Amino acid sequence: METTMANSELEEKLINDEFQKLIDAYLASKHRKKVDIITKAFNFARHAHKGVRRLSGEPYILHPISVAQIVCIEIGLGSTSICSALLHDVVEDTDYTVEDIANMFGPKIAQIVEGLTKISGGIFGDHASAQAENFKKLLLTMSDDIRVILIKIADRLHNMRTLGSQAVNKQYKIAGETLYIYAPLANRLGLNSIKTELEDLSFKFEHPDEYGVIESKLKATQEERDSAFEKFVSPIRAELDKLSLNYEIKQRVKSPYSIWHKMQTKHIPFEEIYDILAVRIIFDPEDIDTELNDCFDIYVKLCKIYTSHPDRTRDWVSHPKANGYQALHVTLMSKQGEWIEVQIRSRRMDDIAEKGFAAHWKYKDGDKTETASEMELDKWLATIKEILDDPQPDAMDFLDTIKLNLFASEIFVFTPKGEIRTMPAGSTTLDFAFSIHTFVGSHCIGAKVNHKLEPINYVLQSGDQVEILTSKSAHPTREWLNIATTAKATTKIVSILKKTERDLCKRGELMMDEFLANNDIQKNTSVIDKLCRMHGSVKPDALYVSIAEGKIVLGKVDLEELKEKGEEGRWKKLFSFGKKAPKQEEKKATVDKNFDKKKAIKLTEESIQNQYTLCDCCKPIPGDKVMGYIDDDKHIVVHKLQCPNAEKLKANRGNRVLAAEWEMGHVILFPVSIYVKGFDKLGLLHKMTQVISQLHGVNIRKLEVESDNGIFECTVQIFVHDTKDADAIITSLREIQDIKEVARI
């Protein structure tokens, strides 16, 4: 009894201490001091969540306090947001209503809490996985009050920090959503430090071994980096001291996730990543009006000491990014022969870089001014709202469309009248046309770029002046989807195509109905299915469209097939007209309603032959970090965790994701493809085959070689038991003198 009382007192002290930490941080900020309403919200939430505990065992009230601390300290919001963060789970998890919140705390806090409740859906609950639908709601509420999404990101950050108490399949789901949705959103809103932490936490939970290896290598090379940093900045300090500025120089180290991502995309080991170290110069301008000039004064001083890279200077000071980011980036050659990026920022720019729009958001207490970057955010929100007004039927398609622009960097393009427009990097003339107006985009035939005629797929560069050319006879086609890169253009093209296809579908169905009626064949599901099979159409709608377009002409062959009785006759007819029989897929075991999703599935020789399907998109083998997924037919398929398809599934249908573990012996062989690149020297291929066949005793199944201008590229497919076999072969191939790049693909 005494122990219980002692624990209760300790918990009460912990709760009060954490709340006091929140109040102290709030009082240290520049916001108006509305301590009373924050205390009132805390006491209300404490009472509402009384007796409730998180999975970790701690009192639930510590979660909203932690979210409020992130909102206050790390994002920099005021009392309205802090109160909303403290109350964000009250309506969802207790008997209190939005009306109760409005009566006690006013309409603004109630509106934000209602917005947070709408998009929640129980982030750790069983009903949590229509995340794409939740994302739509999130963006709708975001366009009304940006604080809704900022608090939601804070909520997600704390959930990620405490993710260890969740089951493994939930960890995959939540980490997948975070990497796919929340990290790009944080980036788009300028929350750089939060974006980086969300990425690193997702990486840590999905790939703990790789995360640990990179962390240990970063620690092992810390002393070497510190030495390089001091040698590099010592002459810089001497020059900057001559300027009448208060400044500091920081060392910025690439995050574990960024390092791993670069290792994966570039197929290089940790030791070959040369931009791990960067330098940041933060200064206090004498006057806000001299801020821009001060940045360039520092830049001039740096270029006197070191040689700058001509193609790696980025002026985000004169032209801020769409998320408000401002800095001057220059890449310099150190005396040790390494390129090092230097970021030059004022204190204000640094604050905005870390806290994003929240650092100067127009809703912030006592501040009604609107900056250029806030106007950029309004433009982005307007684009989102326009897409939401014409949403895609498939929520996952919608999510992919929006995500196109979440992580895109910007370029600056000029109209014929000299107006500047911000576009995502990689935008085409077609994207630019749709950014002007849907009518202009849908009738675009090309453009004059810098007074030179260019096609609709021309990729725009910063500084281009663009005049769009149109024709009434031009209309969107499926090929346009391969040209468009922005969310707005893609959405509009899909919308126009769907309307066109609906019209074609109706016309094609009428043509089919007329054909059946003329030949005394009754229309039913069986007849339509037979026609779909015959013409290789997955769905009836695709069949109707093909009929309307004239790609399928119903005739004698169809009549004979439809009137044929029995399966034997069907196969006979198929072969007699030169068609291949449909591939008969092996049906594997299905899961029932009693299946326990919390338990990890075991991948054994027997189970992968009889129960589970190893996906062909990523070709997982024993040793790969994998997950299971229950598909629409209730079959379990297995993906590699970093497979692009798996990333979408984790983010959108996470309640079907399962943890998976390999329990294989050295019995079954799995196909693996390895990419090799190097200098084309006589006998190189012979050395490779010796390493694979003789040294490792592995059979080569397929070999494709290409040589051009002295560069040798090869893809070799082999059979191995697991990743250890594959890694051993890759290591041996890397040791061959003229081979420079080896990676499993």
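Please read all numbers here as calculations on a predicted model, not as lab measurements. The first residue of the sequence shown is numbered 1, and numbering continues consecutively from there.
In this pair, His329 and Tyr325 present their aromatic rings perpendicular. The plane angle is above 60°, beyond the 30 to 60° band. Using the six-membered ring where Trp is involved, Tyr257 and Phe203 have ring planes that are perpendicular, over 60° apart on the 30 and 60° scheme. Between Phe296 and Tyr299, the ring planes lie perpendicular to each other; the angle is over 60°, past the 30° to 60° tilted range.
Of all the heavy atoms in Tyr180 and Pro184, the pair that sits closest is O-CG, 3.5 Å. What you find for Ile483 and Asp431 is that their closest heavy atoms are O-OD2, 4.2 Å. For the residue pair Val330 and Ser308, the shortest heavy atom distance occurs at CG2-CB, 3.8 Å. Taking every heavy atom of both residues into account, Val657 and Leu649 meet most closely at CG2-O, 4.3 Å.
Listed for the Asp464 side chain is no donor-acceptor partner under 3.5 Å among the backbone atoms of Leu460. A side-chain donor-acceptor contact under 3.5 Å links Ser216 to the backbone of Val213. No donor-acceptor pair closer than 3.5 Å links the side chain of Thr486 to the backbone N or O of Pro424. The closest donor-acceptor contact from the side chain of Asp624 to the backbone of Lys640 lies at 3.5 Å or more, if one exists at all. A distance-only check finds a donor-acceptor pair linking the side chain of Asp722 to the backbone of Asp725 [under 3.5 Å]. Side-chain N or O atoms of Arg744 include none that pairs as donor or acceptor with a backbone N or O of Asp727 at under 3.5 Å. One N or O on the side chain of Gln171 and one on the backbone of Gln166 form a donor-acceptor pair closer than 3.5 Å.
Side-chain contact check for Glu230 versus Arg237: some heavy-atom pair is nearer than 4.5 Å. Looking at heavy atoms from C-beta onward, Lys254 lies in side-chain contact with Lys262 at the 4.5 angstrom threshold.
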- prompt: Going through the distances and angles, do Tyr612 and Leu658 end up as a side-chain contact (heavy atoms from CB on, under 4.5 Å)?
  reply: CA-CA 12 Å; Tyr612 314 132; Leu658 310 168; over 6 Å; no
message: Determine whether Cys615 and Cys643 satisfy the following criterion, side-chain contact (heavy atoms from CB on, under 4.5 Å), listing intermediate values before the conclusion.
response: CA-CA 10 Å; Cys615 281; Cys643 168; over 6 Å; no
side-chain contact (heavy atoms from CB on, under 4.5 Å) between Leu163 and Leu201, worked out: CA-CA 9 Å; Leu163 193 57; Leu201 287 168; over 6 Å; no
message: Ile344 vs Leu302, test: side-chain contact (heavy atoms from CB on, under 4.5 Å). Steps then yes/no.
response: CA-CA 10 Å; Ile344 305 166; Leu302 295 179; 3.8 Å; yes
field: Derivation of the salt bridge (Lys or Arg N to Asp or Glu O under 4.0 Å) call for Glu248 and Arg347
entry: CA-CA 10 Å; Glu248 63 175 312; Arg347 188 76 57 187; 2.6 Å; yes
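Within a 6.0 Å radius of CD in Glu271, other residues, nucleotides and ligands contribute more than 12 heavy atoms. Ile745 CD1: more than 12 foreign heavy atoms inside a 6.0 Å radius.
Taking a cutoff of 4.0 Å between a charged side-chain nitrogen and a carboxylate oxygen, Arg156 and Glu177 qualify as a salt bridge. Ion pair Asp738/Lys687 not flagged as a salt bridge, since none of the NZ, NE, NH1 or NH2 atoms sits closer than 4.0 Å to an Asp/Glu carboxylate oxygen. Salt-bridge formation is not detected for the pair Glu210/Lys625: no Lys NZ or Arg NE/NH1/NH2 atom is positioned less than 4.0 Å from an Asp or Glu carboxylate oxygen. We find that Asp155 and Lys152 are joined by a salt bridge, their nearest charged nitrogen and carboxylate oxygen being less than 4.0 Å apart.
Each of Leu669, Ile674, Ile621 was evaluated against Val720; a single residue qualifies, Ile621, per the side-chain contact (heavy atoms from CB on, under 4.5 Å) test. For the side chain to side chain donor-acceptor pair (under 3.5 Å) test with Thr221, the passing option among Lys219, Glu223, Glu224, Arg225 is Arg225; the others fail.
Partners of Glu74 by salt bridge (Lys or Arg N to Asp or Glu O under 4.0 Å), not counting sequence neighbours, listed by chain and number: Arg161. Among residues two or more places apart in sequence or in another chain, the salt bridge (Lys or Arg N to Asp or Glu O under 4.0 Å) test is passed with Lys301 by Glu239.
Residue pairs meeting the side-chain hydrogen bond (donor to acceptor under 3.5 Å, both in side chains) criterion with at least one member in residues 331-340, sequence neighbours excluded, do not occur.
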